[in-house]
Enquirer: 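Just dropping this structure here.
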Amino acid sequence: MALTMLNEFLIEDPNPPMLLYQVSKTAQLDTLNYQSHLMQGVFAHFPEILFIHRTYNPTGKVLYTFLVDGPRVQLEGHLARAVYFAIPAKEDAEGLAQMFQVFKKFNPAWARVCTILVDPHFLPLPTLAMEFPAAEVLLSAFHICKFLQGKFYQLSLEQPVERVLLSALQSTMCSATAGNLRKLYTLLSSCIPPARLPELHSHWLLNDRIWLAHRWRSRAESSRYFQGLEVTTRVLSQLFGTTPCVEQGMASLLRYMQQNAGDEASFSLGLSPQNSHAPLDVSPESPKVERLVEARIQHSLNAICTGPAAQLCLGELAVVQKSVHLVGSGSEKVNIQILEDTHRVQPQPPASCSCYFHQAFRLPCRHILAMLSARHQVLQPDMLPAQWTAGCAASLDNILGSKWSETLDKHLAVALLTEEVGQLLQHCSQEEFERRYSTLRELADSWIGPYEQVQL
């Protein structure tokens with residue numbers, strides 16, 4: 001049935017795509033290669049830099065997604081830069097060689113590929129070098145960022161140290177100058193236990209050739225680039241990486257590509273998409289389903305919480321509704337990011353999060369609500385403390401007054417001041433920046449001490 005669905009795409013598409021697949025003796029999908037007419041056109045226009053992302057399926061199959069990259073590529077939208085999908089029979093030299101050869105057969109522009117960006121775990125580099133002899137193979141900045149982010153969580157560092165490292169990583173990725181990369185390298189050396197430091201491969205930060213392929217982007221462009229790839233990889237994980245049936249996962253992905261062909265159609269007309277920040281649409285029913293899920297969450301908040309608590313949480317939910325939020329999940333914890341710093345969510349009741357809102361009020365924050373929305377779940381009574389349940393509190397002022405403390409007040413004041421200073425430093429001239437930074441440097445040294453761990 002799933003293979004029949006795949007074949008239907010050949011009939012429904014006015015410009016039939018290239019779809020090649022092989023089935024094993026047990027009627028399971030063995031290999032697949034897919035490229036639409038528009039995808040082929042995008043690659044023909046931007047063949048110089050090829051970005052390869054791998055998505056693993058629960059069955060063990062791996063989806064290879066080829067995307068175009070580089071300064072000339074201005075396409076926006078989910079998967080607008082995807083130019084090829086392939087599932088090799090095996091991730092060995094023979095299977096990958098066959099996959100690349102099929103790609104080359106249908107894309108004469110392959111000979112113009114100059115750079116191929118891959119993830120740190122991509123081992124069959126000799127196969128790439130053999131099939132693309134004129135191309136340079138480099139680690140991608142996005143995959144290095146995700147690799148380091150994952151390592152920070154695995155190391156179970158103290159929360160202040162983890163926050164400093166995540167903030168420094170985010171800042172460095174958006175401005176990957178040699179100086180910033182060296183500072184991040186030094187910070188890792190001082191914060192990570194020496195025995196665990198080799199696991200991070202921090203020497204990648206000092207390989208200037210890797211970052212030359214990314215450094216041309218401005219800070220704003222870098223931020224959009226990472227956010228766009230975050231969404232793209234999330235779509236691939238949701239549609240292919242979570243479906244036990246490979247054929248159904250591919251059918252869902254190809255259907256999604258057809259329904260979101262507007263991004264590619266705008267490319268064919270020489271236009272740029274007008275709405276690159278539209279909410280993610282994973283299936284034909286997803287907008288309706290998302291609205292239903294959000295309505296149920298709102299109903300559960302109003303039914304379970306006090307009025308003031310519901311008011312606070314609905315404000316957090318409003319942020320979730322306008323944001324990209326689910327980053328990844330594990331067996332026990334879910335990492336949530338809403339276009340800001342990443343926070344750690346503990347979904348088991350009572351739900352908890354590392355963000356300031358939850359730490360201050362012990363209420364379901366935007367990250368917990370994002371997790372509920374992504375899982376199509378609603379708030380349960382055991383997910384919040386008793387003092388916030390319906391009928392327990394009279395007014396918002398009373399609750400906030402009872403929960404507030406001098407320490408929290410200081411924390412909030414410092415956080416607001418830090419954000420304001422950061423904004424001022426980002427938008428001033430270089431001369432003014434040097435003067436203000438020097439003042440902050442002297443102040444930090446006089447309070448804490450002139451050593452490298454002090455980060456401004």
Side-chain angles (χ1 to χ4, degrees), residues 1-21 29 32-43 51-59 61-68 73 75-87 227-268 273-293 323-329 370 373-376:
M1 186 182 297
L3 292 175
T4 301
M5 293 170 61
L6 288 176
N7 280 318
E8 287 176 357
F9 289 104
L10 296 172
I11 302 173
E12 296 173 1
D13 199 320
N15 295 306
M18 182 278 292
L19 176 62
L20 299 176
Y21 61 84
L29 188 66
L32 180 140
N33 295 270
Y34 174 88
Q35 185 179 48
S36 70
H37 178 73
L38 287 171
M39 292 166 75
Q40 189 177 42
V42 172
F43 178 70
F51 180 104
I52 298 178
H53 180 74
R54 299 181 298 163
T55 307
Y56 283 83
N57 184 271
T59 63
K61 283 292 187 180
V62 186
L63 172 66
Y64 277 70
T65 303
F66 295 23
L67 303 100
V68 290
V73 181
L75 300 173
E76 296 184 10
H78 314 314
L79 288 174
R81 298 193 292 116
V83 296
Y84 198 80
F85 294 120
I87 300 177
Q227 290 172 8
L229 284 176
E230 190 73 67
V231 175
T232 297
T233 55
R234 181 167 73 95
V235 170
L236 294 171
S237 295
Q238 285 182 341
L239 297 178
F240 181 82
T242 59
T243 306
C245 177
V246 175
E247 296 85 356
Q248 288 181 356
M250 281 308 303
S252 299
L253 177 57
L254 299 186
R255 185 182 297 111
Y256 173 85
M257 293 292 292
Q258 282 192 338
Q259 292 163 354
N260 292 269
D263 294 331
E264 293 182 338
S266 65
F267 158 77
S268 66
Q274 296 300 311
N275 186 10
S276 61
H277 300 287
L280 178 61
D281 181 13
V282 176
S283 71
E285 302 170 274
S286 78
K288 182 178 179 180
V289 171
E290 288 178 0
R291 286 194 296 270
L292 178 61
V293 169
S323 307
V324 175
H325 38 264
L326 185 61
V327 175
S329 61
S373 177
R375 293 181 170 185
H376 293 185

Enquirer: Where is the tightest heavy-atom contact between V73 and R81, given as atom of each residue plus distance?
Expert: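 Heavy-atom minimum between the residues: CG1-CD, 3.5 Å.
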
Enquirer: From K61 NZ over to T55 OG1, what is the distance, rounded to the nearest 0.5 angstrom?
Expert: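 Between K61 NZ and T55 OG1, I get 14.5 Å after rounding to 0.5 Å.
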
Enquirer: For a 4.5 angstrom cut-off between non-hydrogen side-chain atoms, does L254 reach Y256?
Expert: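 The answer is no; the side chains never approach within 4.5 Å.
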
Enquirer: Considering residues at least two apart in sequence or located in another chain, which fulfil the side chain to side chain contact (heavy atoms under 4.5 Å, CB included) criterion with T233?
Expert: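 Partners of T233 by the side chain to side chain contact (heavy atoms under 4.5 Å, CB included) criterion, ordered by chain and then number, come out as H53, F142, E230.
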
Enquirer: Is any side-chain heavy atom of V83 closer than 4.5 Å to a side-chain heavy atom of T65?
Expert: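 They are not in side-chain contact.
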
Enquirer: When rounded to the nearest 0.5 angstrom, what distance separates CG in L239 from CD in Q248?
Expert: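 The CG atom of L239 sits 12.5 Å away from the CD atom of Q248.
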
Enquirer: How long is the gap from CG on L79 to CE on M39, to the nearest 0.5 Å?
Expert: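 Here the interatomic distance stands at 8.0 Å.
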
Enquirer: Minimum heavy-atom separation for T242 to P58, with atom names?
Expert: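 So the minimum-distance heavy-atom pair works out to C-CG, 4.3 Å.
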
Enquirer: Taking the side chain as everything from C-beta on, heavy atoms only, tell me whether Y64 gets closer than 4.5 Å to N33.
Expert: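 The answer is no; the side chains never approach within 4.5 Å.
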
Enquirer: Under 4.5 Å between any side-chain heavy atoms of V62 and I87, yes or no?
Expert: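 Of all side-chain heavy-atom pairs linking I87 with V62, none is under 4.5 Å.
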
Enquirer: Is there a donor-acceptor contact under 3.5 Å from the side chain of N57 to the main chain of F240?
Expert: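 Confirmed, N57 side chain pairs with F240 backbone.
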
Enquirer: With side chains defined as the heavy atoms from C-beta onward, is the minimum distance between F51 and L229 less than 4.5 Å?
Expert: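 Side chain of F51 against side chain of L229, heavy atoms only: contact under 4.5 Å found.
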
Enquirer: Measuring from Y84:OH to S36:OG, what's the distance to the nearest 0.5 Å?
Expert: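 These two atoms lie 12.0 Å from each other.
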
Enquirer: When rounded to the nearest 0.5 angstrom, what distance separates OG1 in T232 from CD in Q227?
Expert: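 Reported value, rounded in 0.5 Å steps: 11.5 Å.
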
Enquirer: So, for Q35 and Q40, which heavy atoms are closest and what is the spacing to 0.1 Å?
Expert: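 Between these two residues, the closest heavy atoms are NE2-CA, 3.6 Å.
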
